[in-house]
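Shown next, in structure tokens, is the structure this report addresses.
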Amino acid sequence: MYDIAGALVVQQLAEFLGALSEVSDVPTAYRVAAMGAARALDAEMVAVLRDGSVAAAVGFPAGEAPVRDLLAVVSGERATVKVPGCGPCPAIFAPSADEPAEYLVVARGGPDGFTVEEASLVRGMARVLELHVHMVKSLAAERRQAARNSELVDSLSERQRLLEHLSGIQRAIARRAPLPRVLNMITAGAHEMLGEDGVALWLLDSDEPDMLVMTSEIGLPKQVARRLSRATMAEAGTIGQAIVDDNLSTVADPGGVGMAVPVHDSGTVVGALAVAAYGRDREYEKRDQDILHAFAEHASLAVTDAKTFQALNKASHDQVTGLVSRSPFMEQLQRGLSVASRAGDRLGLLFVDLDGFKLVNDSLGHAAGDAVLAEVGARLRACVRSTDTVARLGGDEFGVLLAGFKTDDEVIAVADRILDQVSRPFDLTGQDVFIGASVGVTFSTPASPDADALVRDADLAMYHAKRTGKGRYGIFRPEMQEAFEKTVNLATDLRRALERDEFVVYYQPICRLADGELTGLEALVRWLHPKRGLVAPMEFIPAAEETELIIAIGHRVLREACRSASAWNRRRALAGLPELTVHVNVSTRQLRDDTVEMVADVLRETGLAASRLVLEITESHPALDLPLVCHQLHRFKDLGVGLAIDDFGTGYSSLLALRQFPIDTIKVDKSFVDDLDGNGDRSDLTRAIVQLGRAVRRDVIAEGVESETQRRALLDCGCRLGQGYLFAKPLDHAAATALVLEGRVTVGPALPVADPPD
């Protein structure tokens with residue numbers, strides 16, 4: 001795994017160096033260094049101490065920096081500095097020179113102090129400051145001497161030109177100029193300063209460590225450039241020797257003279273910078289060596305920074321969308337919370353979850369899914385300002401961090417734009433694909449504890465939006481956390497209930513409406529809580545669905561129901577009664593699991609004939625993956641079991657499900673049966689549903705039949721079967737056994753079933 005913290009140190013050092021490269025006097029260098037360190041470390045205070053006094057400081061009113069306290073920190077007598085408005089803050093320091101003594105002192109609020117990487121960054125900044133100040137002082141001294149001695153004018157001019165070259169290179173590195181451009185600046189600068197025939201820079205091939213690749217050159221003869229554009233270490237002569245020895249290497253022969261110095265990447269030799277004079281004598285002096293070393297050191301800085309930034313970018317950015325990835329986003333959010341809290345500002349956080357993305361990924365493939373994710377990333381960036389941050393948090397989840405807004409409505413407007421943009425079609429090689437999004441919105445407060453808590457709140461708001469219909473946003477409210485905790489606690493209780501075998505099966509009779517004869521039973525799960533007694537399904541089934549515990553609960557109900565039905569049918573056969581069917585509810589979540597194999601195993605284990613089992617699919621639950629659901633249902637049909645749509649008419653796609661799924665039975669929802677107690681359009685709709693079922697040759701079972709009026713109305717429109725309190729409430733196993741053996745429920749007078757209309 002790449003060291004993101006270490007990479008950030010290198011990146012911040014490069015930016016620090018770039019800021020100093022713009023400065024040509026010592027007092028300004030100290031001020032720029034203090035401000036740059038404060039910004040990089042999010043520090044309350046930074047001071048530069050020089051020879052026992054404060055040369056520059058950030059975090060104190062002008063002239064009020066506590067010199068004694070700062071000196072006590074560098075002497076080891078104390079570890080904190082009292083900063084106005086922040087109180088005592090943990091402090092660290094690093095020396096930037098020996099004579100006279102110079103120190104960089106940094107203090108920051110909070111109990112956590114400084115990390116190892118941050119301490120390394122302070123030491124690096126102190127070293128960079130020392131080098132730059134030394135260069136500026138040397139140039140200033142030469143200027144003063146030149147004013148008194150005209151013989152030094154040429155030397156001063158040369159120093160000035162070298163400083164200009166190196167400062168330009170430093171600025172290019174800090175501004176993330178492409179590495180080839182920076183390396184070209186280095187060879188061009190060395191060529192101008194040394195006045196030689198040719199300068200070139202070689203780097204080791206990462207795939208072939210013994211092979212050198214020329215990455216930049218100026219002034220080389222064409223035949224030499226071609227011959228050495230790619231060469232082995234042995235073929236490269238003095239260049240290869242400089243790399244092997246990790247030291248300056250020279251060569252002198254009748255063809256000319258040359259000199260090479262190594263180039264490093266984080267201390268490891270990765271190449272060499274060389275200069276050559278062809279066809280003439282040349283003796284390299286210390287001045288020449290120093291200049292070549294100076295350019296080689298900047299080549300090392302450029303190579304290290306470029307490779308570090310590339311690795312950092314790869315580690316901190318999602319490779320599919322190019323957005324910031326989760327870890328650096330969370331770090332940025334945490335820093336933003338700290339800054340906003342001190343400034344009295346707020347942050348807005350959006351948690352975006354795609355709706356329907358899994359269907360795209362599964363049906364069209366991961367390449368298509370990645371294309372959609374990349375386009376989503378582009379659309380999200382288009383919805384925000386350049387100062388806002390968009391991240392891919394994982395899978396099909398995204399985060400958007402907003403700051404500097406004046407009203408909550410500005411953040412809500414961003415959420416609306418995101419919903420609109422994501423709902424627009426995605427063109428995948430000429431095919432339009434549609435998905436959606438649900439967005440959770442939350443705002444930081446001075447009491448917001450940390451980034452994780454804020455993301456959790458936004459996630460809860462998104463979840464609330466998704467539960468209330470998708471394609472919308474939800475704003476976090478504290479009661480959402482309370483509801484979440486209640487769900488978590490309920491899930492814990494459900495797991496314990498499974499372990500303690502607290503779930504029991506009740507049975508509701510399915511009867512012929514005409515005469516009350518029993519044809520089957522629906523298995524209904526109940527939770528027999530040791531303290532609360534029987535818990536109604538509506539109190540725990542939603543939590544079981546959300547936590548996937550419905551799979552284990554459903555397996556247990558299926559096994560118990562099949563075992564009971566098998567035993568009942570054996571006893572009914574001995575009494576000369578026809579076999580009954582048992583209906584068991586199956587969640588669409590279960591259809592994503594290996595439910596077909598599980599059902600086959602249960603049938604073998606219990607001895608129940610497959611034709612005596614009917615699986616009821618809750619039609620009101622949106623099947624997010626219709627192709628998979630349809631495939632699973634056909635596998636059930638191949639097994640021989642019956643299939644029914646439960647709560648028919650209440651879902652989002654009743655007719656679509658009836659057309660696509662291999663359904664044997666539709667169960668008319670109780671809300672439609674209730675309408676039969678009145679007159680008008682509502683009862684006409686119920687009659688239409690029943691007649692539709694009969695027209696497409698499906699069995700129709702009316703749910704929730706509670707009155708004689710409803711029974712007669714259902715018979716009049718051709719419905720043959722029903723269940724409800726008119727016949728019996730759900731029965732425990734003993735009561736159900738008695739009814740099974742009796743074979744009939746007492747209802748009103750026997751009535752005929754109306755023939756279906758033409």
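Sequence positions, counted from 1, serve as the residue numbers for this chain. For the numbers below, each heavy atom of this structure counts, side chains included, while hydrogens, waters and symmetry mates do not.
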Can you tell whether the side chains of [X] and [Y] come within less than 4.0 Å, N to carboxylate O?
| X | Y | value |
| --- | --- | --- |
| R326 | E397 | no |
| R456 | D452 | no |
| D664 | K637 | yes |
| K670 | D674 | yes |
| R379 | E375 | yes |
| R556 | E502 | no |

Non-neighbouring partners of D638 that pass side chain to side chain donor-acceptor pair (under 3.5 Å), sequence neighbours left out: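 By the side chain to side chain donor-acceptor pair (under 3.5 Å) rule, D638 matches no residue at all.
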Side chain to side chain donor-acceptor pair (under 3.5 Å) partners of E479, counting only residues at least two apart: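 E479 satisfies side chain to side chain donor-acceptor pair (under 3.5 Å) with R477 only.
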CG on D699 to NZ on K667, rounded to 0.5 Å: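 Answer for the NZ-CG pair, K667 versus D699, is 12.0 Å.
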Does any part of the side chain of [Y], heavy atoms only, come nearer than 4.5 Å to the side chain of [X], both counted from C-beta?
| X | Y | value |
| --- | --- | --- |
| F636 | V599 | yes |
| R571 | L574 | no |
| N585 | L524 | yes |
| Q723 | P509 | no |
| L558 | L613 | yes |

Exam field: side chain [X] to backbone [Y], donor-acceptor pair closer than 3.5 Å:
| X | Y | answer |
| --- | --- | --- |
| T686 | F672 | yes |
| R512 | E517 | no |
| R392 | T321 | no |
| R698 | G693 | no |
| S423 | D420 | yes |
| Q319 | H317 | yes |
| Q710 | E706 | yes |
| S564 | E560 | yes |
| T442 | D457 | no |
| Q508 | A728 | yes |

Pairs touching residues 352-381 that satisfy ring-ring contact (aromatic ring centres under 6.0 Å, His included), sequence neighbours left out: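 Listed once each, the pairs would be none.
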ring-ring contact (aromatic ring centres under 6.0 Å, His included) pairs, two or more places apart, involving residues 718-743: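 Checked against ring-ring contact (aromatic ring centres under 6.0 Å, His included) - neighbours excluded - the pairs reaching residues 718-743 are W568-H733.
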Under the ring pair (Phe, Tyr, Trp, His ring centres under 6.0 Å) test, residues paired with H529 that sit two or more places apart: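 Expected list: W527.
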Side chains of [X] and [Y]: donor-acceptor distance under 3.5 Å anywhere?
| X | Y | result |
| --- | --- | --- |
| H555 | R559 | yes |
| R635 | Q632 | yes |
| S438 | D355 | yes |

Mind listing the closest non-hydrogen atom pair of [X] and [Y] along with its distance?
| X | Y | result |
| --- | --- | --- |
| A702 | V673 | CB-CG2, 4.0 Å |
| A561 | Y507 | CA-OH, 3.7 Å |
| L323 | R381 | CD2-NH1, 2.8 Å |
| V705 | G722 | CG2-CA, 4.4 Å |

Sequence-distant partners of D493, salt bridge (Lys or Arg N to Asp or Glu O under 4.0 Å), two or more places apart: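 Testing D493 for salt bridge (Lys or Arg N to Asp or Glu O under 4.0 Å), a comparison that skips the adjacent residues, returns R496.
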